[in-house]
Each structure stands twice: as C-alpha cells, then as structure tokens.
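Throughout, protein chains are lettered first and strands after them, A, B, ... in sequence-line order, and every chain is numbered starting at 1.
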Number of protein chains: 2
Amino acid sequence: MAKKMDKAKKQFHCPVEATLSQIGGKYKMTILYHLIHDGTLRYHELQKKIPQATAKMLTQQLRELESDGLINRKVYPVVPPKTEYSLTERGTTLTEVIDSICNWGCTYMAGTFEE
Amino acid sequence: MAKKMDKAKKQFHCPVEATLSQIGGKYKMTILYHLIHDGTLRYHELQKKIPQATAKMLTQQLRELESDGLINRKVYPVVPPKTEYSLTERGTTLTEVIDSICNWGCTYMAGTFEE
DNA sequence: CCGCATCCGAGTTGATACTG
DNA sequence: CAGTATCAACTCGGATGCGG
C-alpha cells in the first residue's frame, strides 16, 4: 500500500522516536487510552471524554491513527450518522505502553495534589 | 514575556493527560530516553543525539523538564562552558514508561518494512 | 568556542460557524 | 451526529547575536 507519505524519509535515531512518530500526536495517546478502556467509542463519545481537543484536532488525530493502522473507523450509513472507532490488532499492542503512562500519571497525581 | 505557569493547575480528565503534561513535549521523551541510557549528558551531546531538535527547542524542553523536577541541570563556570544534564530521582521513575515506549518502537521497526 | 536568548517566517493548533 | 471551512493564535525551525 504505497500511500502518500508526508513524513517520508524519516529515519529514527532511537526506538523512542519510532513510537512517537505513531502516537506522538497531541491527543493520540489519550484517544488510545480511552479506546483501550472502552473498546469502541463513537466520535461524539470521544469528544466528551477529551474536551480539550477541538473537533478538528480530534478528527485529524483519528485519521492519522487510522492511517497508521492503529484504529478502525466504521461508518454506518444511517440517519443520523454514526461512526465508531475501535482499536485494531496493532493498536492493542500499545496497551502496555499506554498502561505504563497511565500508571505513572496516577502516581504523579497522588503525590502532587498539595500544590 | 508570557511564561507558562498554569501547567500544574491543569485539570486532568485521565491519568494519561497528567503524564503527558510532564513529558508530552515534542522531544521530552527522547531526551529522557538518552539520559536514562547514558546517565549524564552535556548539552552538545544531547544535540548530537537528537539532531532534529533545534538548539532553541532543546533548551526549551530541557528547561521545562528541569522545572518539572525531572532532570538536573549542572552548570560548570569554566571556559569553555560546560552544562551537564542528568535525571533526578523523580526522573528515574519514568524509566519503565520510556522503556515500554522504546520496546514498542523496536517491535514496530522490526515489523514495518513493507513497501 | 559552548550554551542559549531573540527575531522572524512557516507550520500547527484553537475557536467558531457551517454543511450533509 | 459527524465532520468541514475559515481565520486567529500559538508553536516550531532557522539564522543571528551575545555573554562567559
């Protein structure tokens, strides 16, 4: 599938950069986190769970995740429209990564409430 | 001179966002990765290891990491100047997070040679 | 010389309104 | 409901300059 690669020629100097090229977007990890926890979510559900992200950004990040084969986008041709997002198999391999991040975040929040 | 100071007061909707508020910067995870692996690095050493980051961005990301108490900045008042960066104790708690990311990146790179 | 602050152009993100 | 369009605001990259 030779698709248009905007970031073609990108070579990674370390494995961290390779991962960030896939999930380094501003809201990608958060999107993945919610999809991991809830399995399948509609567009509007994600928007409610990530209120800081505007509709444009959310759409953009979702499309990029879809292009990278991390999530699935299923559109139901009904009225009113219905679009569901879910993890692909490759997306589920990120569970441990997101889980580590989530775990550290919990510890961080537990020890930084007396600011 | 507008400085970012409201990061600590940010309300997080999920633990992932809390973590990203600390290491979500464009090169922060990469910086931490190198510091985890090499222990202590000079400014110019980091620049060589992360060539995509400009000097300005590298300085900015390092200052933010320092403000968040994740890294230590030690300046030697000598000629020529010498600045060393190393992880703080809090910074070392991110080892497993960075390690997960690094691990996934290795797997990703190994299995993505399609064209 | 090394570390890093500053100015400006370019790309990215945000807020609001609009369409199918 | 899901997504697009437009413009304003912010961020990033590159070049330059400066202090030690």
Could you tell me if the side chain of B/Q22 sits less than 4.5 Å from the side chain of B/E64, heavy atoms only? no

Distance below 4.0 Å between A/T83 side-chain N/O and D/dG3 OP1 or OP2: yes

What's the CE-P distance between B/M57 and D/dC12, to the nearest Å? 4 Å

Angle, rounded to 10°, between the helical axes spanning five pairs at each terminus of the helix from C/dC1-D/dG20 to C/dG20-D/dC1? 30°

Using atom OH of B/Y27 as one end and atom C1' of D/dC12 as the other, report the distance to the nearest whole Å. 8 Å

Can a side chain N or O of B/R42 be found less than 4.0 Å away from OP1 or OP2 on C/dC4? no

Considering all heavy atoms of both residues, which atom of A/K49 and which atom of A/D38 are nearest to each other, and what is their separation? CE-OD2, 3.3 Å

To the nearest angstrom, the CG-P distance between A/L58 and D/dC1 comes to 15 Å

Measure from NZ on A/K56 to P on D/dC7 and round the result to the nearest Å. 12 Å

Whole-Å distance separating the CD atom of A/Q61 from the C1' atom of D/dA2: 17 Å

Send over the distance from A/E45 CD to D/dG3 P, rounded to a whole Å. 13 Å

First of A/A55 and A/K26 reached from the 5' end of DNA chain C, by closest nucleotide: A/K26

Integer-rounded Å distance: C/dC4 P and B/E64 CD: 14 Å

Spacing of B/R63 atom CZ relative to D/dT11 atom C1', expressed in whole Å: 18 Å

Relative to each other, are the rings of B/H37 and B/Y33 parallel, tilted or perpendicular (30° and 60° limits)? tilted

State, without any angle test, whether B/Y108 and A/T93 hold a side-chain donor-acceptor pair at a distance under 3.5 Å. no

Would you mind classifying the nucleic acid contact of B/Q60 as base, sugar-phosphate or nothing, using non-hydrogen atoms under 4.0 angstrom? sugar-phosphate

Taking only the side-chain nitrogens and oxygens of A/Y85, find out if one of them lies under 4.0 Å from OP1 or OP2 of D/dC1. no

